[in-house]
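Have a look at the structure below, then the notes.
Chain naming here is simple, since letters A, B, ... match the order of the sequence lines and numbering starts at 1 in each.
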Protein chains: 2
Amino acid sequence: MTHFSELDTPAVLIDLDRADANLKKAQAAADKAGIALRPHIKTHKLPFFAKRQVELGAVGITVQKLGEAEVMADAGLSDLLLTFNIIGAAKLQRLKALHERVTIRTVADSAACVAGLAGTFTDPARPLGVFVECDTGMGRCGVQSPTAALDLARGIIAAPGLAFAGLMTYPAAGKYQAAAQWLADAKALFASENVDLPTITTGGTPDIWHMDEAARVATEYRPGTYIYMDRSQVAAGAADFDDCALTVLATVVSRPTETRVIIDAGSKALTSDLLGLTGHGHVVEYPDAKVVGLSEEHGTLDVSACATKPEIGDSIRIIPNHCCPVTNLFDRINLIRNGELVETVAVAARGRVD
Amino acid sequence: MTHFSELDTPAVLIDLDRADANLKKAQAAADKAGIALRPHIKTHKLPFFAKRQVELGAVGITVQKLGEAEVMADAGLSDLLLTFNIIGAAKLQRLKALHERVTIRTVADSAACVAGLAGTFTDPARPLGVFVECDTGMGRCGVQSPTAALDLARGIIAAPGLAFAGLMTYPAAGKYQAAAQWLADAKALFASENVDLPTITTGGTPDIWHMDEAARVATEYRPGTYIYMDRSQVAAGAADFDDCALTVLATVVSRPTETRVIIDAGSKALTSDLLGLTGHGHVVEYPDAKVVGLSEEHGTLDVSACATKPEIGDSIRIIPNHCCPVTNLFDRINLIRNGELVETVAVAARGRVD
């Protein structure tokens with residue numbers, strides 16, 4: 001048996017029991033709310049966790065890039081939603097190849113995107129399902145109004161090789177009520193025009209425990225981070241630190257002053273993501289320590305507030321601000337149960353950026 | 001021939017002529033200043049560029065982690081400086097294995113670090129060269145005073161299997177004069193105590209064009225970013241945008257409003273590193289565009305100030321705030337000359353975080 005503290009650092013640790021508890025809790029909440037769960041695999045990037053999510057009741061998975069879809073399809077996942085506009089001949093051909101072997105649907109928020117899809121998918125016997133992406137407050141992709149959503153849906157419906165799948169949004173964190181109102185307005189408009197809305201799909205983890213409210217209009221929920229949780233989700237009220245399943249194990253490599261501690265995990269391990277927070281993570285063993293700075297390979301801790309202070313050679317665990325990009329930085333992660341290493345696994349969909 | 005614009009996105013492009021010009025310019029400046037150049041390979045992570053740096057006159061290379069040292073040693077680089085405290089039995093054994101096959105030296109800033117090295121390297125016939133790392137203003141690792149540097153140097157000198165190599169610092173950007181004063185004070189102290197200082201090594205790219213001033217006290221300079229340059233170096237006055245050799249090629253995938261453009265490069269392509277800047281990069285084709293937001297796979301541009309605006313399907317190039325972590329995010333990068341793809345190569349030392 002190898003205790004996690006014996007692992008070379010920096011290293012990503014996944015507490016399997018915590019991850020599974022998070023999956024079960026969310027599936028139970030979705031079941032209770034009467035909403036389908038379609039987890040986003042960008043957080044873990046691991047087929048076995050995707051399969052576990054489906055085993056627990058998820059209707060399928062969500063992916064953000066074709067590369068992630070390819071990895072998941074190769075691993076046997078068969079129902080995928082790709083929530084990214086596919087633009088350009090090369091990517092359209094990759095999507096077509098996926099469509100020929102699994103159930104995959106995608107999104108569009110422009111006539112240009114629909115035109116590309118319509119020109120590539122032309123078989124009415126096997127249409128590609130396409131959602132209209134709606135900007136319900138996030139300020140990223142998406143049509144800007146229910147009327148624009150209806151217009152674009154009609155463009156999809158008019159394409160023989162496409163099937164209109166419904167509406168998709170990624171709501172701004174904490175603004176699920178505004179997003180729900182947007183979707184409700186759209187639903188009423190579509191109903192008044194007799195346009196069927198098979199699915200209304202929303203997310204994500206910050207508001208996951210309000211799934212019952214989302215379920216008043218949405219039929220599907222796409223959380224990602226909930227499997228591991230992180231410091232930003234604790235700040236959002238969606239988790240406690242005791243729910244966090246992903247930590248970065250680091251070693252104290254320097255103690256230049258009484259209050260400054262340097263660890264061997266920097267932005268190449270924790271990322272620079274702040275997500276509106278101050279500091280770069282929560283130190284499990286020293287909750288009063290502040291991760292005040294990161295360079296690529298060094299993390300700088302201010303341990304002024306710690307009664308006992310970490311010494312050179314000590315190992316500590318950090319709950320990162322944002323767990324999803326952390327798993328993208330490591331070729332391998334360590335699955336842990338009761339403090340012991342169960343297995344070290346390759347992060348199958350790491351680096352699948354296109 | 002493949003023009004870069006035909007590559008699937010997001011993708012990293014390296015302009016070979018610009019990179020080589022940057023290497024030559026720095027080597028010429030070092031030669032003129034009479035200071036040795038020991039480039040840091042963390043920026044490119046590529047053996048062929050490391051070899052080119054040595055070919056142009058560098059005395060060896062700098063690496064930040066053992067994993068990087070192992071990749072470079074495997075590729076035939078034979079003179080390495082590892083500027084990171086090596087702590088713990090596993091890493092000490094990896095360092096020992098490297099020491100048996102190449103010239104590698106390292107740093108220490110504590111008696112604990114020296115004790116680990118002294119317990120592992122015990123052969124006076126083949127001692128390990130060890131620098132004392134000095135905190136000359138960066139506020140990261142390093143002894144806090146010249147007196148502390150002298151004390152630690154004496155600990156290294158007292159260890160039969162270690163050889164005191166000199167002083168190493170990474171100065172805070174823009175504070176090279178304070179760093180030089182610190183080193184000058186230390187040099188005077190060491191001289192007064194008759195302790196030889198074989199090498200005084202400093203860096204980095206933000207102050208690279210002040211190498212002549214660094215050379216008044218330092219004997220070696222360790223720049224990294226200078227090969228590619230980036231937006232932060234332009235802000236620091238060390239480069240112009242026309243010197244920047246690394247760009248991230250992205251495609252416009254959405255244009256939700258008149259002034260908002262969404263590209264397929266987010267923090268998984270550009271990183272979240274701000275380095276004190278506002279915005280996440282410089283758009284080559286649309287210099288008036290602002291990269292106002294990044295999520296993992298989406299970049300959000302405000303194109304209000306652009307007379308002509310990019311359309312869905314257009315490809316654009318972004319000079320990132322910080323090029324070093326960008327090369328850590330891509331398995332492969334594309335070498336470009338005169339706009340044409342020369343070769344796509346694996347980033348050999350990507351992900352070597354330990």
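Using a 4.5 Å cut-off between heavy atoms, A:E297 touches chain B through backbone and side chain atoms alike. If you measure heavy-atom distances from A:D273 to chain B, the contacts under 4.5 Å come from both the backbone and the side chain. Contacts between A:R140 and chain B at a heavy-atom distance below 4.5 Å involve backbone atoms as well as side-chain atoms. For A:N328, the part lying near chain B is the side chain, with the backbone staying farther off; criterion is any non-hydrogen pair under 4.5 Å. With a 4.5 angstrom heavy-atom cutoff, A:K65 touches chain B only via side-chain atoms. Both the backbone and the side chain of B:D354 come within less than 4.5 Å of a heavy atom of chain A. Contact of A:T271 with chain B is not made at all, since no heavy-atom distance falls under 4.5 Å. Both the backbone and the side chain of A:V253 come within less than 4.5 Å of a heavy atom of chain B.
Separation of atoms CD1 (B:I263) and CD1 (A:I87) is listed at 13.5 Å; rounding is to 0.5 Å. For the atom pair CE (A:M138) and OG (B:S295), the distance works out to 5.5 Å, reported to the nearest 0.5 Å. Once rounded to the nearest 0.5 Å, the distance linking CD1 of A:I312 with CG of B:N85 reads 7.0 Å. Taken to the nearest 0.5 Å, the CG atom of B:L274 stands 7.5 Å off from the CG atom of A:L274. For the atom pair OG of A:S272 and NE2 of B:H322, the computed distance is 9.0 Å after rounding to the nearest 0.5 Å. A distance of 8.5 Å separates CD1 in A:I262 from CG in B:D135, rounded to the nearest 0.5 Å.
Annotation for A:K309: atom NZ counts as buried by contact number, over 12 foreign heavy atoms lying within 6.0 Å. Within a 6.0 Å radius of NZ in B:K290, other residues, nucleotides and ligands contribute 12 heavy atoms or fewer.
Of the listed residues (B:G313, B:A89, B:G299, B:S254), the greatest number of heavy-atom pairs within a distance under 4.5 Å of chain A belongs to B:S254. By number of non-hydrogen pairs under 4.5 angstrom with chain A, the leading residue of B:T251, B:L294, B:V252, B:T9 is B:T9. Here A:G139 is the residue among A:A148, A:G139, A:G88 with the most heavy-atom pairs under 4.5 Å with chain B. Ranked by non-hydrogen atom pairs under 4.5 Å with chain A, the options B:C324, B:A269, B:S110, B:A11 are led by B:C324. Most heavy-atom pairs under 4.5 Å with chain B, from the set A:C141, A:S315, A:G351: that is A:C141. When the candidates B:K42, B:R255, B:E311, B:E6 are compared by the number of heavy-atom contacts under 4.5 Å with chain A, B:K42 comes out ahead.
A:P256 approaches B:G142 most closely through the heavy-atom pair CB-O, 3.5 Å.
A heavy-atom distance below 4.5 Å is not found between the side chains of A:V353 and B:L329. In this structure, the side chains of B:K91 and A:D264 come closer than 4.5 Å at one or more pairs of heavy atoms. For the pair B:Q144/A:R260, a side-chain contact is recorded, criterion being any heavy-atom separation below 4.5 Å from C-beta on.
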Problem set entry | A:Q64 and B:E296: CA distance, side-chain angles, deciding distance, side-chain contact (heavy atoms from CB on, under 4.5 Å) verdict | CA-CA 9 Å; A:Q64 201 70 352; B:E296 283 158 77; over 6 Å; no
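A salt bridge between A:D331 and B:R350 is present, with a side-chain N of the basic residue lying under 4.0 Å from a carboxylate O of the acidic one. Of the charged side-chain nitrogens involved, at least one lies within less than 4.0 Å of a carboxylate oxygen, so that B:D8 and A:R94 count as a salt-bridged pair.
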